[in-house]
There are 2 protein chains.
Amino acid sequence: MEPLLLDRLLLIGDLFQRDMARAFDGTGLTTARVHLLWVLQHAGPSTQRDLARLCDVTPRNITGLVDGLEESGHVRRTPHPTDRRAVLVELTPSAATTMAEMQREHAELNATLLAAVAPKDRAALERGIAAIASHLETLVAEAAEDRDRTAS
Amino acid sequence: MEPLLLDRLLLIGDLFQRDMARAFDGTGLTTARVHLLWVLQHAGPSTQRDLARLCDVTPRNITGLVDGLEESGHVRRTPHPTDRRAVLVELTPSAATTMAEMQREHAELNATLLAAVAPKDRAALERGIAAIASHLETLVAEAAEDRDRTAS
DNA sequence: TATTGTTATACTCTATAACTATA
DNA sequence: TATAGTTATAGAGTATAACAATA
C-alpha cells in the first residue's frame, strides 16, 4: 500500500533531524543547541527572554542551552547596554563562521532535493507545500486557542 | 524573502509534532510512547529487541518506554512462547481502540491537508514528495555508511 | 559463545516554582 | 508591581556498560 502524503512529509522531517543529529555527533552540539544557534544567526544578539520566545521554550531552558553553548565556545553573554537585568547572547566569530557554512549547506541540500523532482512538477510542488504548511499552521493555531479557552 | 521548500517541509514536521504532543498533554502519553504504540499497532505483538530496531533506539530505552506504557495500561508484557529469554509486548484492547481511532484521524488530516491544495497540483505534489523522500533516504543512508566506514 | 532484557549510571532537554536583582 | 535571569527540583528520553538468564 502506498504511504499517505502526510506519512512521507513526516518521514522527511524525521530523516532530516536524524541526519543533522548524526552530522554533529561528537562535536557536543545537539538538535536543541543547533536550533538556538540558528535562531541567533537570524535574529542577531538577543536577550534570553527573546530567545525563549523565538524557540518556544521556557526561559529556564534557555539558561541551560546558553550555559552549554558558552562552555563550548559557540556563544558569549554580554551585558545589555541599557537594562542591567538582561544579558545579550551573541555568536562567537568561529560559531558565526560555522553557521554561515551550515546555511550554505542547507541551501545546497534544498537545491539537491529539488533537482530530484521532475522539472514539470516543481512549480506545483512548491505551491502545494506552501498551501499545506499554511493550512496546518492555521489548524494548529486553532487547536491551541481551543486548549487555552478550555483551560481558562 | 520566500522560505525555501526545505524550510517549509521542516516546518510541517515541527507543527505536526507539536500538535500531537499537545493533543496528548495530560494523558501521560508522549511523542516517544505514541511512536512505540504506533509501531506496535502496525507490527503486532513484538519482542523488545524488534521494537528497538523498529524505533531505532537502544533496547534499554525500550525497557523504559514499555515500563511506562505498561503502568498506564497501554501495553502488556507476555512470555514469548518459545524463547524464555524474550517477552512479547502487545497493545491492550483499550489501547488498540485508541490507536485505531488515531489512525483514522491521521487519514482524515491527510485528506484535509490535501484538500487545501489546488486539484490540478495534487498529482505533481504527490510525485514530487515521493521523489524527495526517496532521495533524502538515499542521502541519509550514504551518510550513515560513510560514518560507519570512518569509525572502523 | 551469542542473544534478550535488565540494573546501574549519566547526560540532555524540558517544565514549574521560588528567588534575586533590576526596572 | 512587573520583568530578566538563575537556583532548586523533577521527570522523560537517550546512551553505554556490566550482568543475569537463556539459547
Side-chain angles (χ1 to χ4, degrees), chain A residues 14 17-18 20-22 24-40 43 45-72 74-90 147 151, chain B residues 14 17-18 20-22 24-39 45-72 74-90 147 151:
Chain A
D14 205 57
Q17 190 142 331
R18 266 172 206 284
M20 198 181 71
R22 278 175 181 154
F24 285 103
D25 210 32
T27 68
L29 285 175
T30 61
T31 305
R33 289 180 190 182
V34 170
H35 181 224
L36 182 49
L37 293 178
W38 193 261
V39 165
L40 267 177
S46 311
T47 64
Q48 295 192 182
R49 175 179 155 280
D50 285 340
L51 294 175
R53 286 182 181 160
L54 289 167
C55 295
D56 198 16
V57 297
T58 61
R60 175 59 184 95
N61 201 345
I62 295 294
T63 297
L65 294 172
V66 171
D67 284 351
L69 287 168
E70 202 172 31
E71 194 165 359
S72 59
H74 292 93
V75 306
R76 259 195 312 245
R77 279 180 169 108
T78 61
H80 191 286
T82 66
D83 187 338
R84 288 199 306 180
R85 294 171 304 181
V87 299
L88 284 180
V89 181
E90 64 184 12
R147 196 171 34 82
Chain B
D14 206 56
Q17 190 142 332
R18 267 173 205 283
M20 197 181 72
R22 277 175 182 155
F24 287 102
D25 211 31
T27 68
L29 285 175
T30 61
T31 305
R33 289 179 190 183
V34 170
H35 182 223
L36 182 49
L37 292 178
W38 192 262
V39 165
S46 310
T47 64
Q48 295 192 181
R49 175 178 155 282
D50 285 340
L51 293 175
R53 285 182 182 160
L54 289 167
C55 294
D56 199 16
V57 298
T58 61
R60 174 62 185 92
N61 201 345
I62 296 293
T63 297
L65 294 172
V66 171
D67 283 352
L69 287 168
E70 202 173 30
E71 193 165 0
S72 59
H74 291 93
V75 305
R76 260 196 310 246
R77 279 182 171 105
T78 61
H80 191 286
T82 65
D83 187 339
R84 290 198 305 179
R85 293 170 305 181
V87 298
L88 284 180
V89 181
E90 64 185 11
R147 198 172 32 84

inquiry  = Is the shortest side-chain heavy-atom distance between T27(A) and H74(A) below 4.5 Å?
reply    =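 SC-SC contact between T27(A) and H74(A) ruled out.
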Beyond-backbone contact of P45(A) with V89(A), side-chain heavy atoms, under 4.5 angstrom =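 Not touching, per the 4.5 Å side-chain cut-off.
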inquiry  = Please check if the number of heavy atoms outside Q17(A) that lie under 6.0 Å from its CD is greater than 12.
reply    =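 It does not: Q17(A) CD has 12 such atoms or fewer within range.
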inquiry  = Checking D25(A) now: which residues fulfil salt bridge (charged side-chain N to carboxylate O under 4.0 Å, His left out) with it, not counting sequence neighbours?
reply    =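 Listed in chain order: nothing, the list is empty.
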query = When we call it a touch if two heavy atoms are under 4.0 Å apart, what does T31(A) touch: a base, just sugar-phosphate, or nothing?
reply =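 Here T31(A) touches no strand at all.
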ask   = Going by number, which of residues 50-71 of chain A have a non-hydrogen atom under 4.0 Å from DNA chain D?
value =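 Those residues are R60(A), T63(A).
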key: Opening and closing nucleotides of DNA chain D in contact with chain B, under 4.0 Å to non-hydrogen atoms   =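 It runs dA12(D) to dA23(D).
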request  = Examine the base of dT22(C) for any acceptor or donor lying under 3.5 Å from a partner atom in the side chain of R84(A), and report the outcome as yes or no.
outcome  =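 No such pair is found, so the answer is no.
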ask   = Thinking salt bridges, do R49(A) and D83(A) make one under a 4.0 Å N-O criterion?
value =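 The answer is no: the pair does not qualify as a salt bridge.
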ask   = Are R76(B) and E70(B) close enough for a salt bridge, meaning some N to O gap below 4.0 Å?
value =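 The answer is no: the pair does not qualify as a salt bridge.
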request  = Round to a whole Å and report the spacing from CD of Q17(B) to C1' of dC13(C).
outcome  =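 From Q17(B) CD to dC13(C) C1': 13 Å.
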request  = Measure the CG-CD distance between L36(A) and Q48(A) for me, rounded to the nearest 0.5 Å.
outcome  =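 Rounded to the nearest 0.5 Å, the CG-CD separation comes out at 9.0 Å.
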request  = Give, for atom CG of L88(B) and atom OG of S46(B), the distance between the pair rounded to the nearest 0.5 Å.
outcome  =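 Separation between the atoms: 7.5 Å.
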